[in-house]
Amino acid sequence: MDAETGHEPAPTRNPTTVERTSERELVVTRTFNAPARIVYEAWTRAELFKQWWAPKSMGMSLRSCTLDVRVGGTYRLEFAPDGMAFFGTYLEVIPHARLVWTNEEGGEGGPVTTVTFEEQGGRTLLVMHELHASKEALDAAGSGAAEVTVETFAQLDALLGSLSAVVGGS
């Protein structure tokens with residue numbers, strides 16, 4: 001509560017920007033009001049990831065989520081109710097700074113996702129790049145994936161407000 005006005009402060013909303021930067025690449029950018037280490041934890045701890053990744057508007061949830069976040073480690077996400085699965089391999093892991101992974105559910109030539117976490121004054125600029133094998137592959141992914149990312153990032157934003165106590169001060 002604001003001591004001067006006696007009102008609760010309005011939550012700060014940060015926009016999510018989705019931009020197709022080339023024929024093969026989609027870039028999603030958003031600033032989160034949390035330090036990079038907390039945003040990174042939300043991406044790398046399964047119990048946290050499960051709380052924000054599945055788009056609620058689609059009636060989906062993560063039935064299971066395994067994240068072996070290390071170079072060469074794998075991830076697997078299985079959705080309820082239909083059992084759809086996403087899976088791949090971590091190519092690069094720099095704690096609190098960068099994650100790179102493959103998306104193998106579509107077979108060979110799936111996109112490679114790179115997420116960077118850049119702390120700026122206690123806030124985190126998150127940039128997610130999805131590099132597809134071809135223009136046709138990005139076209140096939142369509143704009144629906146971008147819309148879902150906007151929703152999931154809003155869900156992450158909502159979760160981050162409560163994570164300081166969960167993640168701790170390490």
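Source: prediction; values computed, not measured. These numbers come from the heavy atoms of this one structure, side chains and all, not from hydrogens, waters or symmetry mates.
Side-chain atoms of E25 and H129 include a donor-acceptor pair closer than 3.5 Å. There is no side-chain donor-acceptor pair under 3.5 Å between T124 and E118. Side-chain contact check for R30 and N14: no donor-acceptor pair (N or O, by modelled atom type) lies under 3.5 Å. With no hydrogens or angles considered, no side-chain donor-acceptor pair links E19 and T17 at under 3.5 Å.
In this structure, V28 and V127 have side chains that are not in contact, with every pair of non-hydrogen atoms separated by 4.5 Å or more. V150 has its side chain within reach of V18: a pair of non-hydrogen atoms, C-beta onward, lies under 4.5 Å apart. Considering only heavy atoms from C-beta on, P111 stays 4.5 Å or farther from L131 through its side chain. When side chains are defined from C-beta on, T66 does not count as touching F87, because their heavy atoms never get closer than 4.5 Å. Two residues are said to be in side-chain contact when any heavy atoms from C-beta on lie closer than 4.5 Å; T114 and R98 meet this criterion. Within the 4.5 Å cutoff, no side-chain heavy atoms of T16 are placed close to those of T29. Between L160 and V39, the closest side-chain pair of non-hydrogen atoms falls below 4.5 Å. Considering only heavy atoms from C-beta on, L126 comes within 4.5 Å of V115 through its side chain.
Put simply, the side chain of E119 gets close to the backbone of A36: a donor and an acceptor are under 3.5 Å apart. Under a 3.5 Å cut-off, the side chain of R24 and the backbone N or O of H132 do form a donor-acceptor pair. Not a single donor-acceptor pair under 3.5 Å links the side chain of N33 to the backbone N or O of R123.
Atom-to-atom distance recorded for N103:CG and E130:CD is 6.0 Å, nearest 0.5 angstrom. Here C65 contributes atom SG and R76 contributes atom CZ; the two are 11.5 Å apart, rounded to the nearest 0.5 Å. Note that CG of D68 and OG1 of T89 are 10.0 Å apart. Values are rounded to the nearest 0.5 Å.
Taken together through direct or relayed side-chain contacts under 4.5 Å among Ile, Leu, Val, Met, Phe, Trp and Tyr, F86 and L99 form part of one hydrophobic cluster. Both L62 and M84 belong to a common hydrophobic cluster when Ile, Leu, Val, Met, Phe, Trp and Tyr are linked at side-chain heavy-atom distances under 4.5 angstrom. Under a hydrophobic clustering in which Ile, Leu, Val, Met, Phe, Trp and Tyr are joined whenever their side-chain heavy atoms come within less than 4.5 Å, directly or via other members, L77 and V93 fall into the same cluster.
In terms of heavy-atom proximity, W52 sits nearest to Q155 at O-NE2, 2.7 Å. Closest approach of L48 and E41 over heavy atoms only: CD1-O, 3.7 Å. Across all their heavy atoms, L67 and R45 have their closest contact at CD1-C, 4.0 Å. The two residues S57 and E151 have their closest heavy-atom pair at OG-OE1, 2.6 Å. Between E105 and A85, the closest heavy-atom pair is CB-O, 3.5 Å. Minimum heavy-atom separation, V71 to E92: CG2-CA, 4.1 Å.
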>> Checking Y75 against T44 for the side chain to side chain contact (heavy atoms under 4.5 Å, CB included) test, could you report, in this order, the C-alpha distance in whole Å, the side-chain angles of both residues, the deciding distance, and whether it holds?
In response: CA-CA 10 Å; Y75 70 90; T44 58; over 6 Å; no

>> Quick one, V27 with M128, criterion side chain to side chain contact (heavy atoms under 4.5 Å, CB included). Give me CA distance, side-chain angles, the key distance, then yes/no.
In response: CA-CA 6 Å; V27 177; M128 183 173 81; over 6 Å; no

>> For a side chain to side chain contact (heavy atoms under 4.5 Å, CB included) check, start with the C-alpha distance between T21 and L26, then their side-chain angles and the critical distance, and finish with the verdict.
In response: CA-CA 6 Å; T21 58; L26 189 68; over 6 Å; no

>> side chain to side chain contact (heavy atoms under 4.5 Å, CB included), that's the test. Do V69 and Y90 meet it? Break it down for me.
In response: CA-CA 7 Å; V69 184; Y90 292 99; 3.7 Å; yes

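Using cut-offs of 30° and 60° for the angle between ring planes, the W43 and W101 rings count as tilted. Relative orientation of the F49 and W53 rings is parallel, given thresholds of 30° and 60° on the angle between their planes.
Taking the charged nitrogens against the carboxylate oxygens, R20 and D139 do have a contact shorter than 4.0 Å, which makes a salt bridge.
No more than 12 heavy-atom neighbours from other residues, nucleotides or ligands sit within 6.0 angstrom of CE on M58.
The aromatic ring centres of F32 and F153 sit less than 6.0 Å apart. Proximity of the aromatic rings of F117 and H96 is defined here by a centroid distance below 6.0 angstrom, and this criterion is not met.
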